[in-house]
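I have placed the structure first, in the form of C-alpha coordinates, so that the comments after it can refer back to it.
Please read these numbers as outputs of a predicted model, since none were measured by experiment.
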Amino acid sequence: MTYVGGFWSSLLDDNRREAIKVIISMFGILATASAAVGLIWTVWDATEDRKLTQERLITDRFSKAATLLSNEDNAVRIAAIYSLERIAKDSPRDHWTIMELLSAYVLERSPLDEEDKVSKNEKDKASKQNPISKQSPSTEVTKKSSKSPKPIANDVQAALTVIGRRESGQDQGKQLDLRSHDLSGADLSYADLSVAILRGANLIDANLSGANLRGANLIDANLRGANLIDANLSDAYLSIANFIGANLGGANLSYSNLRKANLRHAHLSGANFRKANLSLADISKAHLGHAHLNDADLSGAYFSGAYLYKANLSSAFLIGADLSRANLSDVILRGANLLSANLSDASLSSADLNNAILLNTDLRETHLIQSQLESKEPPLICNSPLHNKIKIERNRDCDKVAAALHKRLPKIFPSLDDAEIFVKEEQLKIWN
(Lines give C-alpha, C1' and ligand atoms only; values in the text may rest on other atoms or scores of the structure.)
Protein backbone atom coordinates (compact mmCIF):
# COMPACT_ATOMS: atom_id res chain seq x y z
CA MET A 1 0.00 0.00 0.00
CA THR A 2 2.89 2.26 0.87
CA TYR A 3 4.41 1.52 -2.54
CA VAL A 4 1.11 2.13 -4.37
CA GLY A 5 0.50 5.38 -2.47
CA GLY A 6 3.98 6.60 -3.29
CA PHE A 7 3.52 5.73 -6.93
CA TRP A 8 0.16 7.58 -7.09
CA SER A 9 1.65 10.61 -5.35
CA SER A 10 4.53 10.68 -7.80
CA LEU A 11 2.05 10.37 -10.70
CA LEU A 12 0.10 13.36 -9.40
CA ASP A 13 3.35 15.23 -9.05
CA ASP A 14 4.17 14.41 -12.68
CA ASN A 15 0.72 15.61 -13.83
CA ARG A 16 1.05 18.68 -11.68
CA ARG A 17 4.38 19.44 -13.28
CA GLU A 18 2.96 18.93 -16.75
CA ALA A 19 -0.03 21.13 -15.91
CA ILE A 20 2.28 23.84 -14.70
CA LYS A 21 4.29 23.51 -17.88
CA VAL A 22 1.12 23.86 -19.96
CA ILE A 23 0.00 26.92 -18.01
CA ILE A 24 3.42 28.52 -18.40
CA SER A 25 3.34 27.75 -22.13
CA MET A 26 -0.11 29.33 -22.42
CA PHE A 27 1.11 32.48 -20.71
CA GLY A 28 4.02 32.52 -23.13
CA ILE A 29 1.69 32.20 -26.12
CA LEU A 30 -0.57 34.92 -24.73
CA ALA A 31 2.40 37.19 -24.19
CA THR A 32 3.64 36.52 -27.72
CA ALA A 33 0.16 37.11 -29.18
CA SER A 34 -0.16 40.30 -27.18
CA ALA A 35 3.20 41.46 -28.46
CA ALA A 36 2.16 40.57 -32.04
CA VAL A 37 -1.09 42.51 -31.66
CA GLY A 38 0.83 45.42 -30.31
CA LEU A 39 3.26 45.25 -33.20
CA ILE A 40 0.41 45.07 -35.75
CA TRP A 41 -1.30 48.03 -34.11
CA THR A 42 1.94 49.98 -34.18
CA VAL A 43 2.51 49.15 -37.87
CA TRP A 44 -1.13 50.01 -38.76
CA ASP A 45 -0.92 53.23 -36.81
CA ALA A 46 2.33 54.10 -38.57
CA THR A 47 0.77 53.22 -41.94
CA GLU A 48 -2.24 55.43 -41.23
CA ASP A 49 0.10 58.21 -40.21
CA ARG A 50 2.02 57.78 -43.46
CA LYS A 51 -1.24 57.81 -45.45
CA LEU A 52 -2.39 60.97 -43.74
CA THR A 53 1.03 62.50 -44.31
CA GLN A 54 0.97 61.49 -47.98
CA GLU A 55 -2.56 62.87 -48.41
CA ARG A 56 -1.50 66.14 -46.82
CA LEU A 57 1.54 66.29 -49.10
CA ILE A 58 -0.58 65.52 -52.20
CA THR A 59 -3.14 68.14 -51.16
CA ASP A 60 -0.34 70.63 -50.68
CA ARG A 61 1.24 69.71 -54.05
CA PHE A 62 -2.15 69.97 -55.77
CA SER A 63 -2.89 73.38 -54.27
CA LYS A 64 0.52 74.77 -55.23
CA ALA A 65 0.34 73.37 -58.81
CA ALA A 66 -3.21 74.67 -59.31
CA THR A 67 -2.15 78.10 -58.08
CA LEU A 68 0.83 78.15 -60.45
CA LEU A 69 -1.48 77.65 -63.45
CA SER A 70 -2.24 81.37 -63.25
CA ASN A 71 1.43 82.37 -63.13
CA GLU A 72 2.54 84.88 -65.75
CA ASP A 73 5.63 82.84 -66.63
CA ASN A 74 4.80 80.27 -69.37
CA ALA A 75 7.55 77.89 -68.19
CA VAL A 76 6.12 77.90 -64.66
CA ARG A 77 2.63 77.07 -65.99
CA ILE A 78 3.99 74.16 -68.05
CA ALA A 79 5.86 72.82 -65.00
CA ALA A 80 2.63 73.05 -63.01
CA ILE A 81 0.75 71.07 -65.70
CA TYR A 82 3.26 68.22 -65.59
CA SER A 83 3.25 68.35 -61.80
CA LEU A 84 -0.52 67.83 -61.92
CA GLU A 85 0.01 64.85 -64.22
CA ARG A 86 2.30 63.26 -61.60
CA ILE A 87 -0.26 63.93 -58.85
CA ALA A 88 -2.99 62.28 -60.99
CA LYS A 89 -0.83 59.16 -61.22
CA ASP A 90 0.06 59.17 -57.52
CA SER A 91 -3.50 59.83 -56.37
CA PRO A 92 -6.25 58.08 -58.36
CA ARG A 93 -8.77 59.91 -56.14
CA ASP A 94 -7.64 63.22 -57.66
CA HIS A 95 -7.30 61.92 -61.25
CA TRP A 96 -10.63 63.14 -62.63
CA THR A 97 -10.53 66.47 -60.79
CA ILE A 98 -7.17 67.18 -62.42
CA MET A 99 -8.47 66.26 -65.90
CA GLU A 100 -11.42 68.60 -65.43
CA LEU A 101 -9.08 71.34 -64.25
CA LEU A 102 -6.82 70.93 -67.30
CA SER A 103 -9.83 70.88 -69.66
CA ALA A 104 -11.05 74.13 -68.15
CA TYR A 105 -7.52 75.54 -68.45
CA VAL A 106 -7.42 74.75 -72.17
CA LEU A 107 -10.78 76.44 -72.71
CA GLU A 108 -9.67 79.53 -70.79
CA ARG A 109 -6.39 79.79 -72.68
CA SER A 110 -7.74 78.79 -76.10
CA PRO A 111 -11.44 79.61 -76.63
CA LEU A 112 -13.06 79.97 -80.02
CA ASP A 113 -12.62 83.49 -81.32
CA GLU A 114 -15.52 85.66 -82.43
CA GLU A 115 -14.92 85.02 -86.15
CA ASP A 116 -15.20 81.26 -85.63
CA LYS A 117 -18.43 81.75 -83.69
CA VAL A 118 -19.88 83.87 -86.51
CA SER A 119 -18.87 81.24 -89.09
CA LYS A 120 -20.52 78.54 -87.00
CA ASN A 121 -23.76 80.53 -86.86
CA GLU A 122 -23.72 81.02 -90.64
CA LYS A 123 -23.06 77.32 -91.11
CA ASP A 124 -26.00 76.42 -88.86
CA LYS A 125 -28.29 78.54 -91.05
CA ALA A 126 -26.84 77.11 -94.27
CA SER A 127 -27.22 73.50 -93.10
CA LYS A 128 -31.00 73.98 -93.02
CA GLN A 129 -30.97 74.42 -96.80
CA ASN A 130 -30.95 71.54 -99.26
CA PRO A 131 -27.41 70.08 -99.07
CA ILE A 132 -27.66 68.18 -102.36
CA SER A 133 -26.45 70.71 -104.85
CA LYS A 134 -23.41 71.29 -106.99
CA GLN A 135 -22.33 73.92 -104.51
CA SER A 136 -22.83 72.53 -101.03
CA PRO A 137 -24.18 75.21 -98.65
CA SER A 138 -21.43 74.45 -96.20
CA THR A 139 -18.74 75.08 -98.79
CA GLU A 140 -19.23 78.85 -99.00
CA VAL A 141 -19.30 79.15 -95.22
CA THR A 142 -16.09 77.15 -94.99
CA LYS A 143 -14.36 79.46 -97.43
CA LYS A 144 -15.09 82.37 -95.11
CA SER A 145 -13.51 80.58 -92.16
CA SER A 146 -10.55 79.04 -94.01
CA LYS A 147 -7.90 81.33 -92.52
CA SER A 148 -4.71 79.59 -91.38
CA PRO A 149 -4.83 78.66 -87.69
CA LYS A 150 -2.54 80.45 -85.27
CA PRO A 151 0.18 78.27 -83.64
CA ILE A 152 -1.03 76.54 -80.50
CA ALA A 153 0.47 77.85 -77.26
CA ASN A 154 3.06 75.62 -75.54
CA ASP A 155 1.16 75.49 -72.26
CA VAL A 156 -2.10 74.54 -74.00
CA GLN A 157 -0.28 71.79 -75.93
CA ALA A 158 1.22 70.51 -72.66
CA ALA A 159 -2.24 70.31 -71.07
CA LEU A 160 -3.62 68.47 -74.12
CA THR A 161 -0.68 66.04 -74.04
CA VAL A 162 -1.39 65.21 -70.41
CA ILE A 163 -5.12 64.78 -71.11
CA GLY A 164 -4.43 62.60 -74.14
CA ARG A 165 -2.13 60.16 -72.34
CA ARG A 166 -4.01 59.95 -69.04
CA GLU A 167 -5.04 56.61 -67.49
CA SER A 168 -8.54 56.62 -68.97
CA GLY A 169 -9.52 53.62 -66.85
CA GLN A 170 -9.63 56.01 -63.89
CA ASP A 171 -12.19 58.31 -65.55
CA GLN A 172 -14.97 56.49 -63.69
CA GLY A 173 -17.21 56.54 -66.77
CA LYS A 174 -17.08 60.33 -67.08
CA GLN A 175 -16.59 62.31 -70.30
CA LEU A 176 -13.93 64.84 -71.13
CA ASP A 177 -15.58 68.12 -72.08
CA LEU A 178 -13.61 69.99 -74.76
CA ARG A 179 -16.56 71.48 -76.60
CA SER A 180 -16.06 74.82 -78.35
CA HIS A 181 -12.31 74.71 -77.68
CA ASP A 182 -9.83 76.11 -80.21
CA LEU A 183 -7.53 73.12 -80.72
CA SER A 184 -6.36 74.10 -84.19
CA GLY A 185 -2.90 72.79 -84.98
CA ALA A 186 -2.79 70.72 -81.78
CA ASP A 187 -0.80 67.49 -81.62
CA LEU A 188 -3.23 64.86 -80.36
CA SER A 189 -1.64 61.89 -82.09
CA TYR A 190 -2.53 58.62 -80.34
CA ALA A 191 -4.49 60.56 -77.72
CA ASP A 192 -7.27 58.78 -75.85
CA LEU A 193 -10.33 60.93 -76.50
CA SER A 194 -12.89 58.13 -76.50
CA VAL A 195 -16.43 59.34 -75.68
CA ALA A 196 -15.05 62.88 -75.28
CA ILE A 197 -17.29 65.87 -75.99
CA LEU A 198 -15.68 67.90 -78.79
CA ARG A 199 -18.86 69.36 -80.22
CA GLY A 200 -18.16 72.53 -82.19
CA ALA A 201 -14.43 72.35 -81.47
CA ASN A 202 -11.92 73.92 -83.85
CA LEU A 203 -9.51 71.15 -84.90
CA ILE A 204 -8.26 72.68 -88.15
CA ASP A 205 -4.91 71.11 -89.15
CA ALA A 206 -4.79 69.15 -85.88
CA ASN A 207 -2.77 65.94 -85.74
CA LEU A 208 -5.11 63.16 -84.60
CA SER A 209 -3.30 60.27 -86.28
CA GLY A 210 -3.86 57.04 -84.38
CA ALA A 211 -6.11 58.83 -81.88
CA ASN A 212 -8.90 56.97 -80.12
CA LEU A 213 -12.11 58.93 -80.73
CA ARG A 214 -14.47 55.99 -80.38
CA GLY A 215 -17.94 57.23 -79.43
CA ALA A 216 -16.74 60.85 -79.28
CA ASN A 217 -19.12 63.73 -79.95
CA LEU A 218 -17.68 65.82 -82.82
CA ILE A 219 -20.95 67.22 -84.11
CA ASP A 220 -20.31 70.45 -86.03
CA ALA A 221 -16.57 70.26 -85.29
CA ASN A 222 -14.15 71.82 -87.78
CA LEU A 223 -11.53 69.25 -88.83
CA ARG A 224 -10.48 70.90 -92.09
CA GLY A 225 -7.05 69.65 -93.12
CA ALA A 226 -6.73 67.50 -89.99
CA ASN A 227 -4.56 64.37 -89.94
CA LEU A 228 -6.74 61.43 -88.87
CA ILE A 229 -4.73 58.60 -90.43
CA ASP A 230 -5.54 55.29 -88.69
CA ALA A 231 -7.71 57.10 -86.11
CA ASN A 232 -10.54 55.21 -84.44
CA LEU A 233 -13.83 57.08 -84.97
CA SER A 234 -16.16 54.11 -84.69
CA ASP A 235 -19.58 54.95 -83.20
CA ALA A 236 -18.61 58.65 -83.22
CA TYR A 237 -21.10 61.47 -83.72
CA LEU A 238 -19.80 63.46 -86.70
CA SER A 239 -22.89 65.00 -88.26
CA ILE A 240 -22.37 68.43 -89.87
CA ALA A 241 -18.63 68.13 -89.14
CA ASN A 242 -16.21 69.73 -91.58
CA PHE A 243 -13.57 67.33 -92.96
CA ILE A 244 -12.63 69.31 -96.09
CA GLY A 245 -9.14 68.23 -97.17
CA ALA A 246 -8.71 66.06 -94.06
CA ASN A 247 -6.71 62.83 -94.26
CA LEU A 248 -8.65 59.83 -92.91
CA GLY A 249 -6.64 57.15 -94.67
CA GLY A 250 -7.13 53.82 -92.92
CA ALA A 251 -9.37 55.39 -90.28
CA ASN A 252 -12.15 53.36 -88.66
CA LEU A 253 -15.51 55.15 -89.00
CA SER A 254 -17.72 52.08 -88.79
CA TYR A 255 -21.16 52.72 -87.28
CA SER A 256 -20.38 56.46 -87.05
CA ASN A 257 -22.94 59.18 -87.82
CA LEU A 258 -21.68 61.49 -90.60
CA ARG A 259 -25.06 62.82 -91.68
CA LYS A 260 -24.60 66.09 -93.61
CA ALA A 261 -20.85 66.02 -92.95
CA ASN A 262 -18.59 67.84 -95.40
CA LEU A 263 -15.88 65.54 -96.79
CA ARG A 264 -15.02 67.47 -99.94
CA HIS A 265 -11.51 66.72 -101.21
CA ALA A 266 -10.89 64.49 -98.19
CA HIS A 267 -8.42 61.59 -98.39
CA LEU A 268 -10.41 58.51 -97.39
CA SER A 269 -8.43 55.71 -99.03
CA GLY A 270 -8.78 52.45 -97.15
CA ALA A 271 -11.09 54.02 -94.57
CA ASN A 272 -13.74 51.84 -92.96
CA PHE A 273 -17.27 53.28 -93.21
CA ARG A 274 -19.06 49.98 -92.67
CA LYS A 275 -22.66 50.61 -91.54
CA ALA A 276 -21.92 54.32 -91.14
CA ASN A 277 -24.56 56.97 -91.76
CA LEU A 278 -23.38 59.27 -94.58
CA SER A 279 -26.81 60.39 -95.69
CA LEU A 280 -26.81 63.85 -97.31
CA ALA A 281 -23.03 64.09 -96.82
CA ASP A 282 -20.90 66.03 -99.29
CA ILE A 283 -18.16 63.64 -100.45
CA SER A 284 -17.51 65.31 -103.79
CA LYS A 285 -14.00 65.00 -105.24
CA ALA A 286 -12.93 62.91 -102.27
CA HIS A 287 -10.42 60.06 -102.63
CA LEU A 288 -12.08 56.79 -101.54
CA GLY A 289 -9.89 54.23 -103.25
CA HIS A 290 -10.19 50.81 -101.53
CA ALA A 291 -12.54 52.32 -98.92
CA HIS A 292 -15.10 50.10 -97.17
CA LEU A 293 -18.63 51.47 -97.48
CA ASN A 294 -20.51 48.20 -97.32
CA ASP A 295 -23.93 48.41 -95.66
CA ALA A 296 -23.49 52.17 -95.27
CA ASP A 297 -26.38 54.63 -95.55
CA LEU A 298 -25.39 56.88 -98.47
CA SER A 299 -28.85 58.10 -99.33
CA GLY A 300 -28.75 61.57 -100.86
CA ALA A 301 -24.96 61.71 -100.52
CA TYR A 302 -23.09 63.89 -103.03
CA PHE A 303 -20.21 61.92 -104.59
CA SER A 304 -19.78 64.02 -107.74
CA GLY A 305 -16.23 63.68 -109.09
CA ALA A 306 -15.18 61.34 -106.28
CA TYR A 307 -12.54 58.64 -106.80
CA LEU A 308 -13.85 55.27 -105.60
CA TYR A 309 -11.54 52.84 -107.39
CA LYS A 310 -11.95 49.33 -105.92
CA ALA A 311 -14.11 50.64 -103.07
CA ASN A 312 -16.57 48.23 -101.45
CA LEU A 313 -20.17 49.49 -101.56
CA SER A 314 -21.85 46.12 -101.31
CA SER A 315 -25.39 46.37 -99.90
CA ALA A 316 -24.95 50.13 -99.56
CA PHE A 317 -28.06 52.31 -99.42
CA LEU A 318 -27.65 54.80 -102.31
CA ILE A 319 -31.19 56.09 -102.79
CA GLY A 320 -31.00 59.50 -104.43
CA ALA A 321 -27.20 59.60 -104.25
CA ASP A 322 -25.35 61.77 -106.76
CA LEU A 323 -22.50 59.76 -108.29
CA SER A 324 -22.15 61.89 -111.41
CA ARG A 325 -18.64 61.99 -112.87
CA ALA A 326 -17.43 59.66 -110.15
CA ASN A 327 -14.77 57.03 -110.84
CA LEU A 328 -16.40 53.73 -109.86
CA SER A 329 -13.99 51.45 -111.70
CA ASP A 330 -13.75 47.97 -110.15
CA VAL A 331 -16.12 49.05 -107.40
CA ILE A 332 -18.14 46.38 -105.61
CA LEU A 333 -21.83 47.37 -105.78
CA ARG A 334 -23.12 43.86 -105.17
CA GLY A 335 -26.57 44.08 -103.63
CA ALA A 336 -26.45 47.89 -103.50
CA ASN A 337 -29.68 49.87 -103.61
CA LEU A 338 -29.35 52.51 -106.33
CA LEU A 339 -32.91 53.80 -106.41
CA SER A 340 -33.05 57.16 -108.24
CA ALA A 341 -29.27 57.47 -108.09
CA ASN A 342 -27.52 59.84 -110.47
CA LEU A 343 -24.77 58.02 -112.39
CA SER A 344 -24.44 60.40 -115.32
CA ASP A 345 -20.94 60.37 -116.81
CA ALA A 346 -19.74 58.02 -114.07
CA SER A 347 -17.21 55.32 -114.87
CA LEU A 348 -18.44 51.85 -113.91
CA SER A 349 -15.90 49.86 -115.89
CA SER A 350 -15.44 46.38 -114.36
CA ALA A 351 -17.76 47.31 -111.49
CA ASP A 352 -19.58 44.45 -109.78
CA LEU A 353 -23.33 45.17 -110.06
CA ASN A 354 -24.54 41.70 -109.16
CA ASN A 355 -27.88 41.75 -107.32
CA ALA A 356 -27.93 45.55 -107.23
CA ILE A 357 -31.29 47.30 -107.59
CA LEU A 358 -31.39 49.85 -110.43
CA LEU A 359 -34.79 51.48 -110.05
CA ASN A 360 -35.31 54.86 -111.71
CA THR A 361 -31.56 55.06 -112.21
CA ASP A 362 -30.32 57.00 -115.23
CA LEU A 363 -27.59 54.93 -116.90
CA ARG A 364 -27.65 56.58 -120.33
CA GLU A 365 -24.35 58.39 -119.90
CA THR A 366 -22.72 55.85 -117.62
CA HIS A 367 -19.59 54.02 -118.73
CA LEU A 368 -20.42 50.33 -118.48
CA ILE A 369 -20.92 47.40 -120.83
CA GLN A 370 -23.80 45.00 -121.39
CA SER A 371 -22.05 41.99 -119.83
CA GLN A 372 -22.07 43.74 -116.46
CA LEU A 373 -25.87 43.65 -116.58
CA GLU A 374 -26.12 40.04 -117.72
CA SER A 375 -24.05 38.12 -115.18
CA LYS A 376 -25.17 35.01 -113.27
CA GLU A 377 -26.68 37.26 -110.61
CA PRO A 378 -27.57 40.33 -112.69
CA PRO A 379 -28.79 43.61 -111.21
CA LEU A 380 -32.54 44.20 -111.13
CA ILE A 381 -33.38 46.86 -113.73
CA CYS A 382 -36.66 48.77 -113.62
CA ASN A 383 -37.47 52.03 -115.37
CA SER A 384 -33.76 52.71 -115.74
CA PRO A 385 -32.78 54.07 -119.17
CA LEU A 386 -29.56 52.59 -120.58
CA HIS A 387 -26.95 53.64 -123.12
CA ASN A 388 -28.18 53.06 -126.69
CA LYS A 389 -25.37 50.53 -127.21
CA ILE A 390 -26.79 48.30 -124.49
CA LYS A 391 -29.64 46.16 -125.79
CA ILE A 392 -31.52 45.51 -122.58
CA GLU A 393 -35.10 46.51 -121.79
CA ARG A 394 -35.24 49.27 -119.19
CA ASN A 395 -38.09 47.46 -117.40
CA ARG A 396 -36.52 44.02 -117.57
CA ASP A 397 -36.94 43.15 -113.87
CA CYS A 398 -39.81 45.31 -112.62
CA ASP A 399 -41.71 42.21 -111.52
CA LYS A 400 -38.85 41.23 -109.17
CA VAL A 401 -37.94 44.57 -107.63
CA ALA A 402 -40.79 44.80 -105.09
CA ALA A 403 -39.95 41.43 -103.51
CA ALA A 404 -36.26 42.41 -103.31
CA LEU A 405 -37.06 45.75 -101.66
CA HIS A 406 -39.34 44.11 -99.09
CA LYS A 407 -36.67 41.53 -98.23
CA ARG A 408 -33.71 43.92 -98.04
CA LEU A 409 -35.42 46.97 -96.57
CA PRO A 410 -38.13 45.66 -94.24
CA LYS A 411 -38.14 48.83 -92.13
CA ILE A 412 -39.00 50.95 -95.16
CA PHE A 413 -41.21 48.37 -96.85
CA PRO A 414 -42.75 46.29 -94.05
CA SER A 415 -45.05 44.48 -96.46
CA LEU A 416 -44.82 43.31 -100.04
CA ASP A 417 -47.85 45.47 -100.90
CA ASP A 418 -45.99 48.58 -99.72
CA ALA A 419 -43.06 47.71 -101.95
CA GLU A 420 -45.26 47.01 -104.97
CA ILE A 421 -47.06 50.35 -104.60
CA PHE A 422 -43.70 52.12 -104.41
CA VAL A 423 -42.38 50.38 -107.55
CA LYS A 424 -45.53 51.22 -109.52
CA GLU A 425 -45.18 54.87 -108.55
CA GLU A 426 -41.54 54.88 -109.62
CA GLN A 427 -42.47 53.39 -112.98
CA LEU A 428 -44.62 56.43 -113.70
CA LYS A 429 -41.56 58.61 -114.17
CA ILE A 430 -41.08 59.55 -117.82
CA TRP A 431 -37.53 59.99 -119.14
CA ASN A 432 -36.80 62.61 -121.80
Indicate yes or no for a side-chain donor-acceptor contact from [X] to the backbone of [Y] under 3.5 Å, with no hydrogens or angles considered.
{"X": "Asp397", "Y": "Ile381", "answer": "yes"}
{"X": "His181", "Y": "Ser103", "answer": "yes"}
{"X": "Arg199", "Y": "Ser180", "answer": "no"}
{"X": "Gln175", "Y": "Val195", "answer": "yes"}
{"X": "Arg274", "Y": "Asn294", "answer": "no"}
{"X": "Ser384", "Y": "Cys382", "answer": "yes"}
{"X": "Ser347", "Y": "Ser329", "answer": "no"}
{"X": "Arg166", "Y": "Asp171", "answer": "no"}
{"X": "Arg86", "Y": "Ser83", "answer": "no"}

Does a side chain donor of either [X] or [Y] reach within less than 3.5 Å of an acceptor in the other side chain?
{"X": "Asn202", "Y": "Asn222", "answer": "no"}
{"X": "Asn262", "Y": "Asn242", "answer": "no"}
{"X": "Thr97", "Y": "Asp94", "answer": "no"}

Could you check whether any side-chain heavy atom of [X] comes within less than 4.5 Å of a side-chain heavy atom of [Y], counting everything from C-beta outward?
{"X": "Leu318", "Y": "Asn337", "answer": "no"}
{"X": "Gln172", "Y": "His95", "answer": "no"}
{"X": "Asp362", "Y": "Pro385", "answer": "yes"}
{"X": "Tyr105", "Y": "Ile81", "answer": "yes"}
{"X": "Leu208", "Y": "Leu193", "answer": "yes"}
{"X": "Glu420", "Y": "Asp417", "answer": "yes"}
{"X": "Leu278", "Y": "Leu253", "answer": "no"}

Write down the atom of [X], the atom of [Y], and the distance for their closest heavy-atom approach.
{"X": "Ile152", "Y": "Gln157", "answer": "CG2-OE1, 3.9 Å"}
{"X": "Arg396", "Y": "Glu374", "answer": "NH1-CG, 4.1 Å"}
{"X": "Ala281", "Y": "Leu258", "answer": "CB-O, 3.8 Å"}
{"X": "Leu333", "Y": "Ala356", "answer": "O-CB, 3.6 Å"}
{"X": "Ser340", "Y": "Glu426", "answer": "OG-OE1, 3.5 Å"}
{"X": "Leu348", "Y": "Gln372", "answer": "O-NE2, 2.7 Å"}

When you look at [atom1] of [X], are more than 12 heavy atoms from neighbouring residues, nucleotides or ligands closer to it than 6.0 Å?
{"X": "Arg214", "atom1": "CZ", "result": "no"}
{"X": "Glu167", "atom1": "CD", "result": "no"}
{"X": "Arg179", "atom1": "CZ", "result": "no"}

Could you go through the side-chain hydrogen bond (donor to acceptor under 3.5 Å, both in side chains) check for Asn71 and Asp73 one step at a time? CA-CA 5 Å; Asn71 194 283; Asp73 191 332; over 6 Å; no

Out of curiosity, [X] [atom1] to [Y] [atom2], how far, rounded to the nearest 0.5 Å?
{"X": "Leu328", "Y": "Leu308", "atom1": "CG", "atom2": "CG", "answer": "5.5 Å"}
{"X": "Leu298", "Y": "Phe273", "atom1": "CG", "atom2": "CZ", "answer": "9.5 Å"}
{"X": "Ile219", "Y": "Asn257", "atom1": "CD1", "atom2": "CG", "answer": "7.0 Å"}

Would you call Arg264 and Asp282 a salt bridge, using N to O less than 4.0 angstrom? yes

Taking side-chain contact (heavy atoms from CB on, under 4.5 Å) as the test, write out the residues that go with Ala419, two or more places apart. Ala402, Leu405, His406, Phe413

Contacts of Lys64 that satisfy side-chain contact (heavy atoms from CB on, under 4.5 Å) - sequence neighbours left out: Asp60

Please collect all disulfide bond (SG atoms under 2.5 Å apart) contacts where either partner lies in residues 200-312, sequence neighbours excluded, each pair once.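 Not a single pair qualifies under disulfide bond (SG atoms under 2.5 Å apart).
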
Sequence neighbours left out, what pairs pass disulfide bond (SG atoms under 2.5 Å apart) with at least one residue falling in residues 211-317?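 Listed once each, the pairs would be none.
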
Applying side-chain hydrogen bond (donor to acceptor under 3.5 Å, both in side chains), run through Asn383 and Asn360 and close with a yes or a no. CA-CA 5 Å; Asn383 199 22; Asn360 249 346; 3.0 Å; yes

Mind telling me whether Tyr307 and His287 have parallel, tilted or perpendicular rings, with 30° and 60° as the class edges? tilted

Side-chain donor-acceptor distances from residues 230-238 under 3.5 Å, at least two apart:
unit_1	atom_1	unit_2	atom_2	d
Asn232	OD1	Ser234	N	3.1
Asn232	OD1	Ser234	OG	2.8

Kindly write out the residues that satisfy ring-ring contact (aromatic ring centres under 6.0 Å, His included) with Phe62, not counting sequence neighbours, or none if the list is empty.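 ring-ring contact (aromatic ring centres under 6.0 Å, His included) list for Phe62, sorted by chain: empty.
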
